[in-house]
Amino acid sequence: GLGSLDVTTFINNFATPPTIKILATPPSITFPDVIIGLQDTGQLGVEDSGSTALNTLGIVITGTNASDFSQTNNCQVALTPGSGCTIQVTFKPTATGTRTASLTVTSSNATNSPQNVALIGTGTTTLLTPLVSVFPSPTTITTTQPLTVNISVNAPTGGIPTPTGSVTLTSGNYSSAVTPLNSGVAIINVPAGSLATGNDVLTASYTPDTASSSIYKSASGTYPVTVT
């Protein structure tokens with residue numbers, strides 16, 4: 001028989017050493033195009049894939065455009081086997097074109113230390129096109145009814161400031177006053193009799209103000225209404 005087998009000693013004799021596992025294949029973070037002066041963030045998971053504890057990680061960014069990238073993390077404690085932590089990397093380009101750096105992860109007792117993660121981003125000055133949405137209520141009216149139109153102007157992707165500026169609403173011979181956005185939204189009341197009888201198309205036109213003109217271009221959105 002096995003006799004008085006010491007299970008703990010048996011397991012320790014076959015323990016695998018602590019190993020840094022980068023939870024990305026290939027080990028890299030690629031950012032979308034980012035306008036100079038703005039930033040985007042990406043996340044990277046790290047895990048101890050061994051069967052013994054992994055000492056506190058060292059994390060540094062080096063390389064050609066290292067100053068365009070920065071990181072924060074919750075990896076400043078030893079990792080038990082199978083546990084992990086997260087590194088958040090921020091990309092804020094200082095020039096146009098491809099920007100690269102390397103994030104290096106080390107541990108004093110990992111058998112595969114260091115591990116390198118490629119950081120790749122692109123700086124651009126190309127203005128973004130915001131999303132202009134038009135929501136009339138109701139969508140069918142008579143010539144004696146007014147119309148309330150909600151207009152929203154949103155960033156095309158997350159992590160970008162909400163567009164600021166103003167909108168105007170037009171349809172046929174009707175043109176509203178210039179209406180400032182409030183947190184990306186404007187409400188325009190169209191007086192009764194302003195729209196022609198039949199099938200009309202409401203067009204909301206967005207114009208950025210000084211704060212948004214370095215991020216967004218002018219844009220428009222439409223929505224059909226019926227006037228009887």
Side-chain angles (χ1 to χ4, degrees), residues 20-47 49 57-76 84-106 114-135 150-167 180-186 203-223:
I20 300 170
K21 182 179 181 180
I22 303 297
L23 302 179
T25 306
S28 64
I29 301 177
T30 300
F31 294 88
D33 292 0
V34 176
I35 294 175
I36 294 174
L38 298 183
Q39 64 185 38
D40 194 16
T41 57
Q43 289 190 340
L44 181 74
V46 181
E47 188 177 275
S49 62
L57 300 180
I59 302 167
V60 296
I61 295 176
T62 58
T64 304
N65 308 121
S67 61
D68 284 10
F69 301 87
S70 60
Q71 63 85 21
T72 58
N73 66 81
N74 62 350
C75 303
Q76 299 310 302
C85 60
T86 302
I87 304 168
Q88 180 167 289
V89 180
T90 299
F91 172 52
K92 187 174 183 179
T94 57
T96 59
T98 302
R99 315 293 288 172
T100 61
S102 179
L103 183 143
T104 302
V105 182
T106 60
Q115 290 291 297
N116 295 311
V117 177
L119 304 178
I120 306 166
T122 301
T124 183
T125 55
T126 302
L127 297 180
L128 301 175
T129 301
L131 304 176
V132 181
S133 301
V134 183
F135 304 101
N150 285 269
I151 301 168
S152 66
V153 183
N154 297 304
T157 59
I160 303 173
T162 299
T164 55
S166 60
V167 292
L181 291 171
N182 182 2
S183 299
V185 175
T203 300
S205 300
Y206 163 71
T207 302
D209 59 13
T210 302
S212 281
S213 61
S214 62
I215 304 172
Y216 297 105
K217 62 178 69 174
S218 298
S220 63
T222 62
Y223 202 95

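Just so you know, these numbers come straight off a predicted model, no measurement behind them.
Looking at every heavy atom in both residues, Leu127 comes nearest to Ser213 through CD2-O, 3.6 Å. The minimum heavy-atom distance linking Ala155 with Tyr216 is given by the pair CB-OH, 3.2 Å. Closest approach of Gly123 and Arg99 over heavy atoms only: N-CG, 4.2 Å. Summarising the geometry of Ile215 relative to Ala211, their closest heavy-atom pair is CD1-O, 4.4 Å, with the distance given to 0.1 Å. Shortest non-hydrogen contact noted between Pro130 and Pro163 is CB-CG, 4.1 Å. Looking at every heavy atom in both residues, Tyr223 comes nearest to Val134 through CD1-O, 3.3 Å.
Between Phe91 and Asp68 the shortest side-chain heavy-atom distance falls below 4.5 Å. Looking at heavy atoms from C-beta onward, Ile87 lies in side-chain contact with Cys75 at the 4.5 angstrom threshold. With a 4.5 Å cut-off on side-chain heavy atoms, Val46 and Ile22 count as touching. Put simply, the side chain of Tyr206 does not reach to within 4.5 Å of the side chain of Ile151, judged on heavy atoms.
To the nearest 0.5 Å, the span separating CD on Gln115 from OG on Ser102 amounts to 10.5 Å. Between the CD1 atom in Ile35 and the OG1 atom in Thr122 there is a gap of 13.0 Å [rounded to 0.5 Å]. Asn154 CG to Thr162 OG1: the interatomic distance, rounded to the nearest 0.5 Å, is 7.0 Å. To the nearest 0.5 Å, atoms CG (Asn116) and OG1 (Thr104) are separated by 4.0 Å. Taking CG of Asp33 as the reference point, atom OG1 of Thr124 lies at 5.5 Å (rounded to 0.5 Å). In this structure, CG on Leu38 lies 7.5 Å from CG on Leu128, to the nearest 0.5 angstrom.
Counting heavy atoms of neighbouring residues, nucleotides and ligands inside a 6.0 Å radius, atom CG of Asn74 exceeds 12 of them.
No side-chain donor-acceptor contact under 3.5 Å links Thr207 and Ser166.
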Set out, in order, the CA-CA distance, both residues' side-chain angles and the distance that settles side-chain contact (heavy atoms from CB on, under 4.5 Å) for Val132 and Ser220, then state yes or no. CA-CA 6 Å; Val132 181; Ser220 63; 5.6 Å; no
